[in-house]
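Note that the numbering runs from 1 along the sequence shown for the chain.
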Amino acid sequence: ERGCRAPVRAQTAVMSDEEYEYESGEEAYEYGSEEEEGEEENDDEIEIENAFYEGDDSRVSDPVKALEMFEKVVTLETSLGDEIKWRFKALKHLVTIQYNLGNHEEMVKRYNELLQYISNSAVTRNECTDSINSILEAVSSGASAKELPFLCQMYEITLTALKTANNERLWFNTYVKYGKAYLSMEDFGQVNRIVRELHKSCQLSNGSDDPTKGTYLLEVYALEIQLCTATKNNSRMKAIYPKTLNLDAAVADPRIMGGIREEGGKMYMQEQKWNEAYNEFYEGFRGYQEAGNPRAKDALKYVVLANMLALSDINPFAAQEAIAFQEEKEIIAMRALRSAYEANDLVSFERALLDKRNRIISDPFIMQYVEPLQRRMREQVLLVLVKPYHRIRVEFVAAELKLEVSEVELLLVDMILDKRVFGKIDQINGFLLLGGESDNVVEKKYDALEKWTDTLSSLNKNLGGGSPSSPGVRSSPDTQLRHATRVSGAGESGAGESGADESGTRDRIGLRAGWDIAELVGEAPELGPW
């Protein structure tokens, strides 16, 4: 019995080993099949990735090859299923390349395909925003008047897709870009329409501004302000500008506020409110610099311009924010201009201003204010020039300022009326007669006396004293007084004279004025020859 049992146990053991080996082999086979499938999928992903980067490298050098590679990416990834990893990026490049090659129909086709994925969870909002913005910027920057219908088509397609996708922020930003594109092409009617639509989207049902959309309203007003600047609608600008400063935006975007403040500065420049313009330009400059906007350099130039026109003693280049631009060529030129202004160096000032290499007058905005700036500089030089004198030849002043005598006389008249120069012009002998504060007090007395004579003349007429041409009244008192104040000083040669004595003239003026007043009341004293 023992002999029979032993072989059975051995056979059983052998069968168990065979079964174990068979099962193990089956498992090994199935595992190997899954591994091969994974390797095939990995190979497809690697091929897609390689095709994308190969197309990316060829975008500039060989756009046709780049198109082929990106088309391959879209085709391969579409065949793998719904996963979107490289397809969206490839479509963005396909759109821009087709536009650069002038294939507008194919571009629109691919763009519509791209917009289908903006609601897909695999595409982030940042990817969607960057892609749409880059495409629209490429189309807008290269658009001409002939391409306007195509540009409009691209924006309309985008706005419709974004409205459907409920992406309000991107829809709003795209609409703003649409308005700026029309603004650059000077289609102001369309810009006005877009401003109204954008403003409507920021209002409550009762038509008032929605206080929760302060940031959106800032962008709407910024676009409207740019429209006012382009159309030179200063009255509308004045109504809008204060609203931008009073808005309660959650976060005031420095890029937006920089633009608003710059346009506000331009508004004040048109009104010749130089100090207010200086403050606005400076705030705009700070906003641009904070946002890293390259317009900060232009804003700094406008700060210097307004600063000089305002006759300010503040040096804008001493500010911490301006130090970062001190090596810029155009800013170096503005520094030289400012230094010449402070030194009253007219020759250096004109040289720095008119040198084309400095690109100061190449700026259209600065060009509008070159003449007022030159006038300010000449005024400053004139004040320094006449300061030591009581009497100075107008011809000498004209030679120093490089102007005609008639131009200098007009300049002096304005400065005398603005109380920046205290004196009179002797046109007969060609002198500027200057007086100090004491003479200014006397001048005020004569002004008061002239007003008194005017009042007495009016009273005489109202009481039936007759018209100025009737007997008893020789001529109007103000005419007599102005005739009396004409100075007939001697015309010595030389640039200027110090200590000129006007006491004799003053006495004669006072005597004549007294005669006129006495004549009105019928008691004119006898006068000696003078």
Side-chain angles (χ1 to χ4, degrees), residues 269-272 274 304-312 333-334 336-358 360-436 439-440 443 482-500 502 505:
M269 289 286 280
Q270 287 183 354
E271 298 175 352
Q272 297 188 2
W274 313 123
V304 179
L305 172 66
N307 177 269
M308 289 187 288
L309 288 170
L311 302 176
S312 174
M334 294 300 291
L337 197 68
R338 169 75 190 183
S339 298
Y341 169 82
E342 290 179 338
N344 296 313
D345 186 348
L346 185 59
V347 175
S348 299
F349 183 87
E350 295 280 355
R351 187 188 304 120
L353 181 66
L354 302 178
D355 191 341
K356 292 183 179 180
R357 294 174 298 178
N358 291 336
I360 295 176
I361 59 175
S362 63
D363 188 313
F365 177 72
I366 293 180
M367 191 62 190
Q368 296 178 45
Y369 298 95
V370 166
E371 187 175 341
L373 185 61
Q374 289 175 318
R375 181 185 176 89
R376 278 294 198 210
M377 184 63 190
R378 287 168 181 150
E379 289 175 354
Q380 293 298 97
V381 174
L382 188 148
L383 288 174
V384 174
L385 188 63
V386 304
K387 187 175 182 180
Y389 301 105
H390 286 178
R391 185 172 68 171
I392 186 170
R393 282 191 179 278
V394 177
E395 186 178 356
F396 172 75
V397 177
E400 291 294 313
L401 297 181
K402 298 179 176 58
L403 294 174
E404 297 293 330
V405 171
S406 58
E407 293 176 315
V408 173
E409 287 180 350
L410 291 174
L411 182 64
L412 285 169
V413 167
D414 288 341
M415 296 181 73
I416 290 171
L417 292 175
D418 291 339
K419 306 296 184 184
R420 298 186 65 200
V421 171
F422 298 106
K424 296 176 181 289
I425 302 173
D426 178 4
Q427 286 184 313
I428 296 174
N429 298 303
F431 279 96
L432 170 65
L433 305 177
L434 296 153
D439 290 333
N440 188 38
E443 186 69 27
R482 279 194 294 272
H483 176 74
T485 56
R486 181 177 293 277
V487 181
S488 57
E492 290 88 346
S493 60
E497 298 181 10
S498 300
E502 298 182 47
T505 304

task: Start with the C-alpha gap between Ile425 and Ile416, add the side-chain angles, then the distance that decides, and say whether side-chain contact (heavy atoms from CB on, under 4.5 Å) holds.
output: CA-CA 10 Å; Ile425 302 173; Ile416 290 171; 4.2 Å; yes
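- Residue Ile360 holds its CD1 atom at 5.5 Å from CE of Met334, rounded to the nearest 0.5 Å.
- Here the closest heavy-atom approach between residue Ala352 and residue Leu337 is recorded as CB-CD1, 4.0 Å.
- For Arg420, the side-chain contact (heavy atoms from CB on, under 4.5 Å) test picks out Leu311, Arg376, Glu379, Gln380, Leu383, Met415, Asp418, with sequence neighbours left out.
- Considering only residues two or more places apart in sequence or on other chains, Val384 meets the side-chain contact (heavy atoms from CB on, under 4.5 Å) condition with Asn344.
- Distance check: Leu305 CG to Met269 CE gives 4.0 Å after rounding to the nearest 0.5 Å.
- The nearest pair of heavy atoms linking Leu432 to Val386 is CD2-CG1, 4.1 Å.
- Once rounded to the nearest 0.5 Å, the distance linking CG of Leu382 with NZ of Lys387 reads 13.5 Å.
- The heavy-atom pair separating Tyr389 from Leu434 by the smallest distance is O-CD1, 3.3 Å.
- Considering CZ of Arg391 and NZ of Lys424, their distance stands at 15.5 Å, rounded to 0.5 Å.
- One finds the CG atom of Leu354 at 9.0 Å from the CZ atom of Phe349 (value rounded to the nearest 0.5 Å).
- Under the rule for a side-chain hydrogen bond (donor to acceptor under 3.5 Å, both in side chains), the partners of Ser348 that lie at least two apart in sequence or sit in another chain are Asp345.
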Please tabulate, one pair per line, all N/O donor-acceptor pairs under 3.5 Å involving side-chain atoms of residues 365-374, not counting sequence neighbours.
from: Tyr369; atom 1: OH; to: Gln270; atom 2: N; distance (Å): 3.4
from: Gln374; atom 1: NE2; to: Glu350; atom 2: OE1; distance (Å): 3.2

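- At least one donor-acceptor pair under 3.5 Å links the side chain of Asp355 to the backbone N or O of Arg357.
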Enumerate, atom names and distances included, each donor-acceptor pair closer than 3.5 Å involving a side-chain atom of residues 399-410, sequence neighbours excluded.
from: Glu407; atom 1: OE1; to: Glu404; atom 2: N; distance (Å): 3.0
from: Glu409; atom 1: OE1; to: Gln427; atom 2: NE2; distance (Å): 3.4

